[in-house]
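In what follows, a single structure is set out as C-alpha cells and then discussed.
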Amino acid sequence: MAVKKLCEFYSKSFLGEVQKWGSMKQNGVSLRYMMEFGSKPTEKNLLISAQFLHKELPIRIARRAIELENLPYGLSEKPAVLEVRDWYLDSFRDLRTFPEIKDKNDELEFTRMIKMIKVRHNHVVPTMALGVQHLKKDMGLKIVHEDLDEIHQFLDRFYMSRIGIRMLIGQHVELHNPNPAPDCVGYIHTKMSPVEVARNASEDARAICLREYGSAPDIRIYGDPNFTFPYVPTHLHLMVFELVKNSLRAVQERFMDSDKVSPPVRIIVADGIEDVTIKVSDEGGGIRRSGLPKIFTYLYSTAKNPLDEQPDLGSGGAVTMAGFGYGLPISRLYARYFGGDLQIISMEGYGTDAYLHLSRLGDSQEPLP
C-alpha cells in the first residue's frame with residue numbers, strides 16, 4: 001500500500017478531530033473489573049462494553065497517531081513508521097464514523113468492526129521495530145544510546161498503549177464466544193496454571209532453538225502444577241517464551257563448541273501472597289555490567305541486526321531467535337500492564353536470572369500512557 005501524505009489524504013477537519021480526541025482523558029480498567037464484568041456477558045453488559053469502547057478506543061488511538069507524527073531523529077519519516085501511522089488514522093476514522101450504539105444489532109456490527117481493527121494492527125510491533133532498525137542502520141556509529149531516551153520513552157508508551165487497546169478489543173470480542181473454554185472470561189483464565197503455561201512456552205522456545213542451532217539445552221521446571229490464579233495466559237506465554245528463548249540462545253552459543261554437556265535452563269514458579277514470581281535461570285555466561293542498562297532499550301540486542309542479514313526483511317517473516325531487540329522491553333510492559341514487573345540480574349562469566357513478577361491481586365488500574 002502506498003503511504004499517504006497527511007495533508008493529501010486526510011482533510012483538515014479530520015486531523016483536527018484527531019487532535020481533539022487525542023487530548024481527551026483516557027479511562028483505565030483493572031483485571032479484576034474485566035473479570036467480574038465479563039463473567040456475565042448479557043446483552044445489556046455487551047452493549048455497555050461496546051459503548052465504552054466506542055468512546056475510549058478513539059482517544060487511545062488518536063494519542064498514538066499524534067505521537068507517530070512527531071518523533072525525533074526523522075523516525076516519523078521512515079516508511080515503516082508512516083505505514084503504522086496510517087493504520088492508526090484509518091482505525092480512528094472507522095471508529096469515529098461508526099454511529100451511536102443503541103441496540104444488539106449495532107453492538108454486533110461494532111464488534112465485527114473492532115475485530116477488523118485488531119487484525120489491521122497485527123504487525124505493528126515488527127513494523128515499528130523495522131523502522132527503528134532502519135534508523136539505527138542510517139545513524140550507524142553516530143548512535144549514542146543516552147541520546148535516544150526520547151525514542152525509548154515513546155516506544156514504551158506506544159507499545160504499552162497497544163497492549164491495552166488489544167486487551168480491550170480482544171476481551172470484548174471473546175465475550176461473544178458461544179463456547180468459551182472452562183474457567184475463561186474472555187481472554188482471562190480464572191484458574192490459570194503458571195507451571196502449565198511456562199511448560200508450553202518453553203517447549204515453543206526450545207523448538208525454535210532446535211530449528212536454528214540443530215540442538216537445544218534441556219529445560220527443567222519447578223513448581224506446583226496444580227497451583228492456579230486469574231491471569232491472561234497469552235500474555236504469560238509471550239513473556240516466558242521471550243525469557244526462555246534468550247536463555248537457550250545464551251547457553252547454546254556458550255557451549256556450542258565445548259565438549260561439556262550444556263547445562264539446563266531452570267524455571268522456578270513461586271506463589272506468594274502478593275505476587276506469583278517466575279524465575280528463569282541460565283548458565284549462558286551472563287551479561288556485562290556495562291550492558292545491563294541497555295537490555296530494556298529498543299535499540300540494543302546482542303544478536304546481529306536482522307537487516308544486515310536480510311535487507312528486504314518485511315513484517316510477515318518467521319520468528320527469528322533474536323536480533324530486533326524488543327523482546328525484553330515488551331515483555332516488561334506486559335508484566336507491568338497488570339501491576340507486575342520484570343527484573344534481570346546477571347553474573348558475568350556464569351549466567352543470568354530473570355525474575356518475572358505477576359500481581360495476584362488483579363486490582364491495579366491499567367497504566368495509561
Side-chain angles (χ1 to χ4, degrees), residues 192-227 233 236-272 276-296 300-306 308-310 317-332 334-335 342-358:
M192 184 197 74
S193 161
V195 168
E196 191 185 324
V197 175
R199 185 174 289 117
N200 292 336
S202 53
E203 281 170 8
D204 288 353
R206 197 167 185 272
I208 286 180
C209 187
L210 280 166
R211 189 186 75 203
E212 295 221 352
Y213 295 103
S215 63
D218 286 339
I219 297 166
R220 293 185 191 154
I221 302 177
Y222 305 89
D224 178 4
N226 298 315
F227 163 66
L236 181 57
H237 187 285
L238 179 144
M239 293 183 280
V240 175
F241 172 80
E242 279 298 336
L243 296 174
V244 173
K245 181 163 65 85
N246 287 349
S247 287
L248 290 171
R249 181 170 70 90
V251 173
Q252 188 64 26
E253 295 195 348
R254 188 183 188 202
F255 288 88
M256 209 160 19
D257 302 320
S258 167
D259 298 334
K260 295 176 184 171
V261 177
S262 298
V265 171
R266 291 181 175 83
I267 301 172
I268 298 145
V269 179
D271 52 309
V276 174
T277 304
I278 298 173
K279 179 166 87 159
V280 178
S281 274
D282 68 61
E283 295 174 39
I287 302 160
R288 290 178 191 167
R289 199 153 51 96
S290 60
L292 273 173
K294 298 178 196 165
I295 62 173
F296 286 111
Y300 176 77
S301 175
T302 54
K304 288 176 182 155
N305 185 335
D308 295 337
E309 312 289 305
Q310 301 156 272
V319 178
T320 56
M321 196 67 186
F324 272 135
Y326 58 87
L328 277 179
I330 283 190
S331 294
R332 185 167 69 173
Y334 271 98
L342 172 61
Q343 293 171 307
I344 306 287
I345 296 168
S346 197
M347 188 187 268
E348 191 191 357
Y350 180 76
T352 301
D353 288 346
Y355 290 86
L356 178 58
H357 303 281
L358 311 171

Considering all heavy atoms, the nearest Gln252-Ala216 contact: OE1-CA, 3.6 Å
Which heavy atom of Leu328 sits nearest a heavy atom of Ile295, and at what distance? CB-O, 3.7 Å
Salt bridge (Lys or Arg N to Asp or Glu O under 4.0 Å) partners of residues 198-207, not counting sequence neighbours, each pair once: Arg206-Asp218
Rounded distance [0.5 Å steps], CG in Leu342 versus OH in Tyr334: 14.0 Å
Atom pair CD1/CZ of Ile267 and Arg220 - distance to nearest 0.5 Å: 12.0 Å
Identify, with sequence neighbours excluded, every residue that meets side-chain contact (heavy atoms from CB on, under 4.5 Å) alongside Ser258. Phe255, Lys260
Search all heavy atoms of Leu248 against all heavy atoms of Pro217 and return the closest pair with its distance. CD2-CD, 3.7 Å
Taking everything shown except Tyr350 itself, do over 12 heavy atoms lie less than 6.0 Å from its OH? no
Ala201: what forms a side-chain contact (heavy atoms from CB on, under 4.5 Å) with it, not counting sequence neighbours? His237, Val240, Phe241
Just verifying a value: how many Å separate Leu292 CG and Ile287 CD1, rounded to the nearest 0.5 Å? 5.5 Å
Sorted by chain and residue number, the salt bridge (Lys or Arg N to Asp or Glu O under 4.0 Å) partners of Glu196 (sequence neighbours excluded) come out as none
What pairs with Ser247 under side-chain contact (heavy atoms from CB on, under 4.5 Å), at least two apart in sequence or on another chain? Val265, Val280, Asp282
Output all residues satisfying side-chain contact (heavy atoms from CB on, under 4.5 Å) with Glu253, sequence neighbours left out; order by chain, then residue number. Tyr213, Arg249, Met256
When rounded to the nearest 0.5 angstrom, what distance separates CD in Glu348 from CZ in Arg289? 9.0 Å
So does Gly286 get a backbone contact from the side chain of Arg254, meaning a donor-acceptor N/O pair under 3.5 Å? no
Can you name the nearest heavy-atom pair linking Val195 to Pro225, along with the distance? CB-CA, 3.9 Å
Mind checking side chain to side chain donor-acceptor pair (under 3.5 Å) for Ser281 and listing every partner two or more places apart, or none if nothing turns up? Asp353
Test side-chain contact (heavy atoms from CB on, under 4.5 Å) on Leu243 and Ile278; report intermediate values, then the result. CA-CA 10 Å; Leu243 296 174; Ile278 298 173; over 6 Å; no
Any residue meeting side chain to side chain donor-acceptor pair (under 3.5 Å) with Ser331, in chain and number order, not counting sequence neighbours: none
What residues, two or more places apart in sequence or in another chain, satisfy side chain to side chain donor-acceptor pair (under 3.5 Å) together with Ser262? none
Does Leu358 form a side-chain contact (heavy atoms from CB on, under 4.5 Å) with Met239? I'd like the steps, not just the answer. CA-CA 11 Å; Leu358 311 171; Met239 293 183 280; 3.8 Å; yes
Across all chains, not counting sequence neighbours, the side chain to side chain donor-acceptor pair (under 3.5 Å) partners of Ser202 are none
Over all heavy atoms of both residues, which pair between Met192 and Pro194 is shortest? Give the atoms and the distance, please. O-CD, 3.3 Å
Do the side chains of Arg266 and Glu283 get close enough for a salt bridge, i.e. N-O under 4.0 angstrom? yes
